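Working notes, beginning with the structure itself.
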Amino acid sequence: MVTPLHCGESGIMSPSHPSVLDALRIAIRTRHYSRRTEKAYVHWAERFLECHSGKGAEELGVEEVNRFLSDLAVRLQVAPPTQAQARAALMFFFGHVLRRSLDEEEGFDSVSVVRARVPRRLPVVLTRPEVRAVLRSMSPPGRTVALLLYGGGLRLSEALHLRVHDLDSERGQLTVRGGKGNRDRVTIYPRAAVAEVEEQLRRTRRLHERDLARGAGNVPLPSALARKYPGAPREWGWQWVFPASRLHQSPRTGAGFRWPMHPSAVQRAVKEAVRISGVSSGASCHTLRHSFATHLLEDGYDIRTIQELLGHRSVKTTMIYTHVLNRGGRGVRSPLDGL
């Protein structure tokens with residue numbers, strides 16, 4: 001039986017563990033994990049330590065981890081991916097900060113852990129007329145981003161982190177840098193989107209030139225490239241295709257720089273377009289990526305090609321789109337239609 005934990009859901013950091021969390025951040029950054037991974041792992045470590053604030057980190061072990069993961073599934077009823085993320089975060093925390101491998105300790109991940117059940121869900125997919133209606137109900141720059149989500153099968157974060165030199169209109173391809181799992185890949189740069197993207201680049205260039213005129217114009221670079229190439233953060237090729245409207249100031253150098261456009265701006269634009277166009281399904285930005293894969297399958301492209309374009313590690317992930325083809329029952333004709 002699972003003993004419930006009496007801890008909140010806010011994940012407020014316990015003041016007794018700041019040094020441990022700093023060590024966790026250092027371990028994550030040393031391995032060049034993404035900012036989103038760092039944020040998620042620190043969040044789960046904070047919540048775990050807060051639930052056991054009466055103990056030091058060195059006193060915690062398998063029993064506390066098992067109870068914490070079970071509590072997520074039983075009391076808080078989190079989704080299976082959420083519990084899996086918490087498990088990965090705690091394994092990293094124990095392995096790389098506390099220097100103890102949970103896999104090697106007796107009782108970890110045994111029957112005492114209640115696992116959140118993974119439901120079988122089919123992705124929401126729009127028909128081609130529905131995609132057309134949604135895109136027509138949008139305006140740049142949100143529409144331009146949406147064109148790449150559907151035309152290239154990009155995730156929203158991948159589209160917003162495109163840089164100018166990632167676009168290759170001559171070859172008709174986009175290079176996704178540091179996608180999910182920190183993997184690069186090449187996907188389609190749709191011809192129908194080139195004119196609108198080039199108009200976006202003209203707006204971005206004007207904005208960049210204004211930034212340069214007032215001593216700004218920098219963008220963050222991956223790893224230590226800014227130290228190796230000091231002028232690169234101001235070069236045109238490194239600029240975001242979809243920059244944020246606000247100029248930020250670096251706390252270390254004081255120089256002005258820009259982040260990419262915030263995802264919520266595009267999410268709101270897609271939601272509003274779905275409402276205006278009258279599409280009944282609960283479509284989102286990621287629905288456009290689902291629709292990209294499904295429509296390629298409908299056009300006869302093989303599953304391995306689609307897997308590479310989407311950046312899936314396993315073809316099993318891509319196989320889910322074979323179940324949502326708009327052919328009714330996987331292409332089987334109903335006997336009623338033959339009467």
Side-chain angles (χ1 to χ4, degrees), residues 79 81 119-162 172 174 176 180 187-201 203 241-245 260-301 303 306 309-312 317-334 336-337 339:
R120 185 178 178 83
R121 304 290 189 206
L122 294 179
V124 175
V125 174
L126 301 178
T127 63
R128 294 169 199 255
E130 286 175 334
V131 172
R132 188 180 301 113
V134 169
L135 294 177
R136 284 178 175 173
S137 302
M138 300 181 70
S139 57
R143 171 186 154 88
T144 314
V145 177
L147 289 176
L148 298 181
L149 300 183
Y150 175 67
L154 300 182
R155 299 176 179 91
L156 178 57
S157 61
E158 293 170 346
L160 295 181
H161 283 81
L162 285 173
L174 300 172
V176 176
K180 191 171 183 179
T187 187
I188 306 167
Y189 185 8
R191 303 286 183 190
V194 170
E196 196 161 314
V197 172
E198 288 182 348
E199 179 59 33
Q200 169 64 27
L201 291 177
R203 290 193 293 268
V241 176
F242 302 101
S245 57
M261 179 192 302
H262 198 275
S264 62
V266 185
Q267 290 165 343
R268 286 194 301 267
V270 170
K271 184 177 181 180
E272 180 64 12
V274 169
R275 185 190 66 80
I276 293 173
S277 61
V279 173
S280 58
S281 59
S284 65
C285 292
H286 211 62
T287 303
L288 296 172
R289 174 174 157 91
H290 292 322
S291 303
F292 163 84
T294 305
H295 295 166
L296 285 182
L297 278 173
E298 288 179 346
D299 291 339
Y301 291 95
I303 197 77
I306 298 171
L309 293 174
L310 292 173
H312 288 160
T317 308
T318 318
M319 287 293 291
I320 193 171
Y321 297 110
T322 63
H323 302 299
V324 291
L325 290 174
N326 293 324
R327 293 174 183 170
R330 305 183 192 176
V332 179
R333 186 186 183 196
S334 169
L336 179 62
D337 295 333
L339 295 180

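Everything quoted here is computed from the prediction, not taken from an experiment.
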Legend entry - Sidechain N-carboxylate O distance under 4.0 Å for E298, R128: yes
Inset, instruction - Go through the structure and list residues passing ring-ring contact (aromatic ring centres under 6.0 Å, His included) with H312, not counting sequence neighbours. - result: none
Legend entry - Within-4.5 Å side-chain heavy-atom neighbours: C285 and V266: yes
Inset, instruction - Establish, from distance only, whether the side-chain atoms of S284 and H286 form a donor-acceptor pair under 3.5 Å. - result: no
Legend entry - Euclidean distance, E158 CD relative to T187 OG1, rounded to 0.5 Å: 9.0 Å
Inset, instruction - Would you check if the side chain of Q200 reaches a backbone N or O of P140 as a donor-acceptor pair within less than 3.5 Å? - result: no
Legend entry - Sequence neighbours excluded - salt bridge (charged side-chain N to carboxylate O under 4.0 Å, His left out) pairs with any residue from residues 261-273: E272-R275
Inset, instruction - Report yes if some heavy atom in the side chain of F292 is under 4.5 Å from a heavy atom in the side chain of V131; otherwise report no. - result: no
Inset, instruction - Answer yes if the ring centres of H295 and Y150 are under 6.0 angstrom apart, and no otherwise. - result: yes
Legend entry - Atom pair CG (L154) and CD1 (I188), whose distance is rounded to the nearest 0.5 Å: 10.0 Å
Legend entry - Nearest-0.5 Å distance, CG of residue L288 to CG of residue L156: 10.0 Å
Legend entry - Separation of L162 CG from L148 CG (nearest 0.5 Å): 6.5 Å
Inset, instruction - Scan side-chain atoms only and decide if T144 and E196 contain a donor-acceptor pair under the 3.5 Å cut-off. - result: yes
Inset, instruction - Indicate yes or no for a side-chain donor-acceptor contact from S277 to the backbone of V274 under 3.5 Å, with no hydrogens or angles considered. - result: yes
Legend entry - Spatial distance of atom CG (L149) from atom OG1 (T287) [nearest 0.5 Å]: 10.5 Å
Legend entry - Rounded distance [0.5 Å steps], CD in E130 versus CZ in R132: 11.0 Å
Legend entry - Neighbour count above 12 (heavy atom, 6.0 Å) for R203 CZ: yes
Legend entry - Expected output: side-chain E198 to main-chain A195 donor-acceptor under 3.5 Å: no
Inset, instruction - Return yes if some donor-acceptor pair links the side-chain N/O of S137 with the main-chain N/O of I276 below 3.5 Å, else return no. - result: no
Legend entry - side-chain contact (heavy atoms from CB on, under 4.5 Å) evaluation trace for L201 with F242: CA-CA 8 Å; L201 291 177; F242 302 101; over 6 Å; no
Inset, instruction - Using atom types as modelled and distance alone, determine if a side-chain donor or acceptor of H290 lies under 3.5 Å from a backbone N or O of L126. - result: no
Legend entry - R289 versus G153, closest heavy-atom pair with distance: NH1-O, 2.6 Å
